[in-house]
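Notes follow once the structure below has been shown.
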There are 2 protein chains.
Amino acid sequence: MEDEGPAERPLTRIQQKNRQTILEAALEVFSQHGFRGATLDQIAEGAGLSKPNLLYYFPSKEAIHVELLSTLMDAWLAPLRALDPAGDPVEEILDYVRRKLELSRDYPRESRLFANEVLQGAPRMMDALEGDLKSLVDEKAAILTRWAEAGRIADLPPHHLIFSIWALTQHYADFDVQIRAVLGPGHDPYEEAEGFLDTLFRKLLAP
Amino acid sequence: MEDEGPAERPLTRIQQKNRQTILEAALEVFSQHGFRGATLDQIAEGAGLSKPNLLYYFPSKEAIHVELLSTLMDAWLAPLRALDPAGDPVEEILDYVRRKLELSRDYPRESRLFANEVLQGAPRMMDALEGDLKSLVDEKAAILTRWAEAGRIADLPPHHLIFSIWALTQHYADFDVQIRAVLGPGHDPYEEAEGFLDTLFRKLLAP
DNA sequence: AAGCCGTTTGACCAATCGGTCGGGAACAGG
DNA sequence: CCTGTTCCCGACCGATTGGTCAAACGGCTT
């Protein structure tokens with residue numbers, strides 16, 4: 001029987017469009033002010049909808065935030081998932097660095113949303129950090145360890161190597177205003193960073 | 001006339017103590033929730049004082065925040081100021097890395113306060129970033145360039161080298177919960193980071 | 001035309017926000 | 001003791017917060 005149960009509603013076109021609009025506006029506001037600093041009125045204005053209408057599509061302010069975070073986590077972890085144990089070690093890691101830097105460049109608001117959440121103790125993400133994230137990192141760290149034991153990359157603490165990639169790439173999104181203030185006009189931080197990080201990790205990983 | 005105007009009062013012992021208590025409590029709250037997310041009631045409770053009493057010592061919530069930020073900037077820039085053009089290049093830079101990592105370890109709340117502010121566009125710190133910070137960084141970047149031209153360290157973009165130090169050291173304070181969640185129990189992130197960052201920058205700076 | 005269901009909103013609510021005010025408590029110096 | 005200044009707080013204020021609700025709107029089928 002092709003009968004759909006009463007639980008699963010197919011989502012109208014209007015619902016899909018408005019949910020998207022709301023999430024887009026919410027990302028803008030949450031990433032700038034953090035969860036507690038953001039207001040539903042700001043999000044509503046950004047989305048061009050009335051406040052009660054927001055709460056017609058999402059049950060609460062927190063639900064919007066949680067939806068953003070969970071959607072974000074997948075995209076955020078994808079580059080690390082792509083790390084291939086069968087590939088060339090140095091090039092695999094450099095690919096990871098490159099993809100992570102591209103995320104910072106193309107989705108800085110998502111990076112800042114994540115940073116805001118972790119900065120405040122990750123109250124809505126602890127499970128994901130200790131669960132999916134930790135197991136994924138542990139798995140990939142094991143690959144790095146094997147590469148190091150085979151003498152194909154330098155012998156470095158694998159977890160901290162991964163942390164350094166996170167730190168160096170996300171820094172360009174999270175501290176964007178500081179970087180631009182210090183560099184002054186006439187610079188493309190991300191383009192310069194790409195070459196610098198390439199050099200950095202090639203030197204670091206050389207056995 | 002040498003008459004003292006009504007503006008300069010010497011600050012009572014009680015004033016000094018209570019101002020300190022308030023700033024300590026405010027640091028705790030601001031660093032966790034950001035400016036907009038923090039409330040005077042939280043700060044007052046943390047300081048063990050009544051809310052009107054806070055506003056007896058500080059004219060507004062923003063004044064407390066500004067006071068914290070300006071005090072912070074000095075301590076934050078001190079390690080970079082200490083970079084000595086007459087010293088051994090690699091050791092000078094490694095000293096800087098070490099001092100910066102110690103700041104993250106010993107004053108993580110200050111680091112998160114700073115991160116929160118920059119993350120939100122540094123609305124109360126733009127002047128400092130484009131003024132004192134930029135000129136200090138430019139000055140020290142010139143030293144790095146000279147060292148590179150003399151072949152005493154690797155030829156790297158000096159600004160991004162400094163950014164990498166900031167990113168790698170502050171990451172351990174700002175993303176503390178993520179790092180501990182991924183590492184699991186039984187780790188001392190800062191001790192492990194010290195060795196890792198020492199290795200990283202020695203490899204990176206080698207000509 | 002009628003009815004229906006997804007959509008939208010103005011009016012409203014209790015709670016909380018940053019900040020004020022007037023008066024009392026504590027501590028001087030005389 | 002009295003007097004003045006510093007210190008402290010309960011009560012309160014207007015504005016804003018996240019969230020509710022009943023009523024109305026819209027397009028679609030019958």
Do A:H159 and B:F196 make the cut of ring centroids closer than 6.0 angstrom? no
In terms of the nearest nucleotide of DNA chain D, which residue is placed more toward the 5' end: A:S60 or B:Y57? B:Y57
Rounded off to whole Å, could you give me the CD1-to-P distance for the B:I64 and C:dC17 pair? 14 Å
Side chain to side chain contact (heavy atoms under 4.5 Å, CB included) between A:I165 and A:I93, intermediate numbers included: CA-CA 9 Å; A:I165 296 173; A:I93 295 172; 4.1 Å; yes
Indicate, with a heavy-atom threshold strictly under 4.0 Å, whether A:A38 touches base, sugar-phosphate, or nothing. sugar-phosphate
Kindly point out which of D:dC8, D:dA11, C:dC17 is positioned nearest to the side chain of B:D41? C:dC17
Could you check whether the side chain of B:K61 and the base of C:dG19 have a donor-acceptor pair of N or O atoms closer than 3.5 Å, going by distance alone? no
Selected nucleotide, minimal atom distance to A:K51 side chain, candidates C:dT20, C:dG10, D:dG18: D:dG18
Are the side chains of A:D41 and A:E45 in touch, meaning some heavy atoms are under 4.5 Å apart? no
How close or far is atom P of D:dC7 from atom CG of B:L54, stated in whole angstroms? 15 Å
Look at the side chain of A:Y56 and decide which nucleotide, out of C:dT8, D:dC9, C:dG19, has an atom nearest to it. C:dT8
When the distance from CZ of A:F58 to P of C:dT7 is rounded to whole Å, what number comes out? 13 Å
Would you mind classifying the nucleic acid contact of A:L40 as base, sugar-phosphate or nothing, using non-hydrogen atoms under 4.0 angstrom? sugar-phosphate
Report yes if at least one side-chain N or O of A:N18 is closer than 4.0 Å to OP1 or OP2 of C:dT8; otherwise report no. yes
Taking the basic N atoms (NZ, or NE/NH1/NH2) and the acidic carboxylate oxygens, is any pair closer than 4.0 Å for B:E24 and B:R19? no
Heavy atoms only, 4.0 Å cut-off, all strands: where does B:T39 land among base, sugar-phosphate and nothing? sugar-phosphate
